[in-house]
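Here's the structure we're looking at; comments come further down.
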Amino acid sequence: EAGVTQSPTHLIKTRGQQATLRCSPISGHTSVYWYQQALGLGLQFLLWYDEGEERNRGNFPPRFSGRQFPNYSSELNVNALELEDSALYLCASSFSRLAGGHAGELFFGEGSRLTVL
Amino acid sequence: AQTVTQSQPEMSVQEAETVTLSCTYDTSENNYYLFWYKQPPSRQMILVIRQEAYKQQNATENRFSVNFQKAAKSFSLKISDSQLGDTAMYFCALPSSGGGADGLTFGKGTHLIIQP
């Protein structure tokens with residue numbers, strides 16, 4: 001069974017441009033989480049999608065946005081890129097968190113490395 | 001608010017030694033799970049072990065075991081017979097309260113280096 005897949009693996013952009021990152025969850029998972037892992041800052045929660053809707057967002061500006069498609073895959077968009085957006089962006093999936101009843105374990109993709117020059 | 005604290009930014013041990021990584025947490029939940037994730041240089045976060053809070057028995061997965069002390073809110077990871085492939089960042093994690101709104105709350109991680 002395929003795990004969580006993310007694309008692209010690496011992305012290089014310049015300040016002011018837009019970046020789009022993609023994530024496909026494990027089959028059967030409807031919850032998708034995005035995390036930013038910047039050097040020295042650990043994992044910072046960005047966004048949570050479940051059943052096609054944004055359910056929660058972390059403490060990030062509105063230029064970080066995304067969506068979840070009917071097949072539960074997800075896209076993260078970062079507009080007006082700034083140098084400090086350079087980071088590893090991790091996507092994780094799980095069974096629906098809306099219904100509860102499971103451990104809360106997340107399954108991660110390999111991440112997309114975004115470099116802003 | 002939930003917190004997860006890993007007080008050891010970096011540890012280094014010799015191959016075949018035993019090493020213990022510490023983690024303390026705070027939560028208002030009564031029943032919950034705790035996780036240790038490993039992030040090798042290849043970047044992918046991999047679940048190492050999980051513990052259910054209402055189970056008194058400590059979880060074990062091959063060379064990995066935990067020392068879970070619920071009253072003290074402590075959840076340490078012991079790696080026995082350490083191997084070079086154990087070199088990685090290790091993160092302690094706790095599911096967020098309130099229905100999973102933040103996914104997992106992670107500690108800042110411990111960089112474990114296994115020396116040959």
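In what follows, every chain begins at residue 1, and chains take the letters A, B, ... in the order their sequences are listed.
In this structure, A:Phe107 has its ring center no closer than 6.0 Å to that of B:Tyr37. Ring centroids of A:Tyr35 and B:Phe106 are separated by less than 6.0 Å, placing the two rings close together.
Contacts of A:Leu88 with chain B are made by side-chain atoms alone, with heavy-atom separations under 4.5 Å and no backbone atom involved. For A:Leu46, no part lies near chain B; criterion is any non-hydrogen pair under 4.5 Å. Within the 4.5 angstrom heavy-atom criterion, atoms from both the backbone and the side chain of A:Phe108 approach chain B. Heavy atoms closer than 4.5 Å to chain B are found in the side chain of A:Gln37, but not in its backbone. Contacts of B:Gln39 with chain A are made by side-chain atoms alone, with heavy-atom separations under 4.5 Å and no backbone atom involved. A:Thr9 touches chain B through backbone and side chain together, each having a heavy atom under 4.5 Å away.
Using a 4.0 Å cut-off between a side-chain N of Lys or Arg and a carboxylate O of Asp or Glu, A:Arg63 and A:Glu82 qualify as a salt bridge.
Chosen from A:Gly111, A:Ala92, A:Gly58, the residue pairing most often with chain B at heavy-atom distances under 4.5 Å is A:Gly111.
B:Phe75 and B:Phe68 have perpendicular rings, their planes meeting at more than 60° on a 0 to 90° scale where under 30° would count as parallel. Note on ring orientation: taking the six-membered ring where Trp is involved, the planes of B:Phe35 and B:Tyr33 are parallel (angle under 30°, cut-offs 30° and 60°).
With a 6.0 Å radius and a threshold of 12 heavy atoms from other residues, nucleotides or ligands, B:Arg63 has its CZ atom above the threshold.
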